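First up is the structure itself, then whatever we jot down about it.
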Amino acid sequence: MYGKFKAVVLIWKLNNEDEHLEKIENTDLKPIGNKLLKWYEKNARDLPFRQTKDPYKIWICEIVFQQTRINQGLGHYTNFIERFPDVKTLAEADENEVLLYWKGLGYYSRAINVHKAAQQIMNDYDGIFPHEYEEILKLKGVGKYTAAAVSSICFNGRVPAVDGNFYRVLSRIFADDFDISNSKAFNYFSELAHLILPENVGDFNQAMMDLGSEICKPKNTLCGECPLNQDCIAFLTNKVYEFPVKTKKIKAAGLELKYYFVHRNGEFLIQQRKDDFIWKKLFEFPPEISDELVPFIKSVKTVNHKLTHKNLNIEIYNVEVGSEEAWKHFIAENDYIISDYESSHQKSFPKPLENYIGNYHTAYRIL
DNA sequence: AATTCGGGGAT
DNA sequence: ATCCCAGAATT
């Protein structure tokens, strides 16, 4: 067979049509990485975390932007760094406040893990962010990608930070149909990346992200402006949109939830979610009520949420408790938090409260 | 090895 | 509607 990477073979074929396959081993692909670096010097996006090599800030930004578009997470990143400017501040913070700053960003275990990892750094590393890839990898919520990113950007580690952009860019350059859904894809594309890896790996990793985001996009690529278009087998053979190859299918599912907006005199009840399923440890209205409150149900409305690959349908029951007796009894019987519209903003709801109970002026009348 | 965790933007 | 995104943890 061809050897380790059929991509290398393809490039070799383009350049050495009549030569023997042994030439493969001598194929030098480093110019590709250096071209990318040169492009990055002039075309790097101006992002807040590009001005620093503080491992704390780079780490936080890598966590925030996992599976998250830059524009979506920028505000959260800025607010988070402002409130928790260093490891110590984060480690000493209350978990619920960390969650508050993560509100609306999704994947809430990231917030829980980033908080734990900060305490990990204080306890296990004397408050000094670990420099070695293998040590960074031990931090809660830090996987191979994030460890590689922090290591390369902050500590000159020679590790490609293989993410979705790497899959897309590399699979196109090499017209490589390796299935990116395969669990071996990370290692496969890591090795592929090493073929073009330049000296400055930190910039290279960020350059790949910028190229993937601005030029080598999933759709509407700007191949004409791509610094690597003459190295890209997919472009040269007009097959850009055939890569990357991804086989896994997404199954659609529905989810129905019920909430009870139990209120009296401007106060209402909330509680904190468990550490499992969605919206880990965020706050919400009670999902059920006791029979004694059923007579106080005045109306119901439906709210639709978008949840990845799921249609989420929420029914919100408006329970206006007229009887102080029933109100106090219900509170005593259950472990609920009494809140109001203003103070609830200091809690981490999955969505802004307006999504459930209307805006400020109609908060108690909309249902 | 497969599934699950979000929310928003683009198409 | 469908797909994707600076992925990681869990099963």
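Please read all numbers here as calculations on a predicted model, not as lab measurements. Chain naming here is simple, since letters A, B, ... match the order of the sequence lines and numbering starts at 1 in each.
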Those residues that, when tested against A:N187, pass side-chain contact (heavy atoms from CB on, under 4.5 Å) (two or more places apart): A:K144
Qualifying residues under side-chain contact (heavy atoms from CB on, under 4.5 Å), relative to A:R83, sequence neighbours excluded: A:T89, A:E97, A:Y101
Does A:E92 come within less than 4.0 Å of A:K88, counting only side-chain N to carboxylate O? yes
Below 4.0 angstrom, N of the basic side chain to O of the carboxylate: do A:K281 and A:E95 qualify? yes
Listed partners of A:F235 passing ring pair (Phe, Tyr, Trp, His ring centres under 6.0 Å), at least two apart: none
Mind checking if A:N220 touches a base, just sugar-phosphate, or nothing, with heavy atoms under 4.0 Å? sugar-phosphate
Answer with base, sugar-phosphate or nothing: what part of the nucleic acid does A:G73 contact at a heavy-atom distance below 4.0 Å? nothing
Using only heavy-atom distances, determine whether the side chains of A:N43 and A:E225 contain a donor-acceptor pair under 3.5 Å. no
Starting at atom [atom1] of [X], determine the distance to atom [atom2] of [N], rounded to an integer number of angstrom.
{"X": "A:L255", "N": "B:dG6", "atom1": "CG", "atom2": "C1'", "result": "13 Å"}
{"X": "A:F166", "N": "C:dC4", "atom1": "CZ", "atom2": "P", "result": "19 Å"}
{"X": "A:I180", "N": "C:dC4", "atom1": "CD1", "atom2": "P", "result": "7 Å"}
{"X": "A:H76", "N": "B:dG8", "atom1": "NE2", "atom2": "P", "result": "9 Å"}
{"X": "A:K103", "N": "B:dG7", "atom1": "NZ", "atom2": "P", "result": "12 Å"}
{"X": "A:W279", "N": "B:dC5", "atom1": "CH2", "atom2": "C1'", "result": "12 Å"}

How far does the [atom1] atom of [N] sit from the matching atom of [M], given to the nearest Å?
{"N": "B:dG8", "M": "C:dA9", "atom1": "P", "value": "24 Å"}
{"N": "C:dC3", "M": "B:dT3", "atom1": "P", "value": "16 Å"}
{"N": "B:dG6", "M": "C:dC5", "atom1": "C1'", "value": "11 Å"}
{"N": "C:dA6", "M": "B:dT11", "atom1": "C1'", "value": "22 Å"}
{"N": "B:dG9", "M": "C:dA8", "atom1": "C1'", "value": "23 Å"}

Once salt bridge (charged side-chain N to carboxylate O under 4.0 Å, His left out) is applied, do any residues pair with A:K239, and if so which ones, sequence neighbours excluded? none
Partners passing salt bridge (charged side-chain N to carboxylate O under 4.0 Å, His left out) against A:D203 (at least two apart in sequence or in another chain): none
When you match A:K280 and A:S183 each to their closest nucleotide on DNA chain B, which lands nearer the 5' end? A:S183
Toward the 5' end of DNA chain B, which comes first, A:K219 or A:D276, by nearest nucleotide? A:D276
Treat primed atoms plus P, OP1 and OP2 as sugar-phosphate and everything else as base, then score nucleotides 6-11 of chain C 5' to 3': B for base contact with protein heavy atoms under 4.0 Å, S for sugar-phosphate contact only, - for none. BBSS--
Using OP1 and OP2 only, check whether a side-chain N or O of [X] sits under 4.0 Å from [N].
{"X": "A:W102", "N": "B:dG6", "result": "no"}
{"X": "A:K351", "N": "B:dG8", "result": "yes"}
{"X": "A:K246", "N": "C:dC4", "result": "yes"}

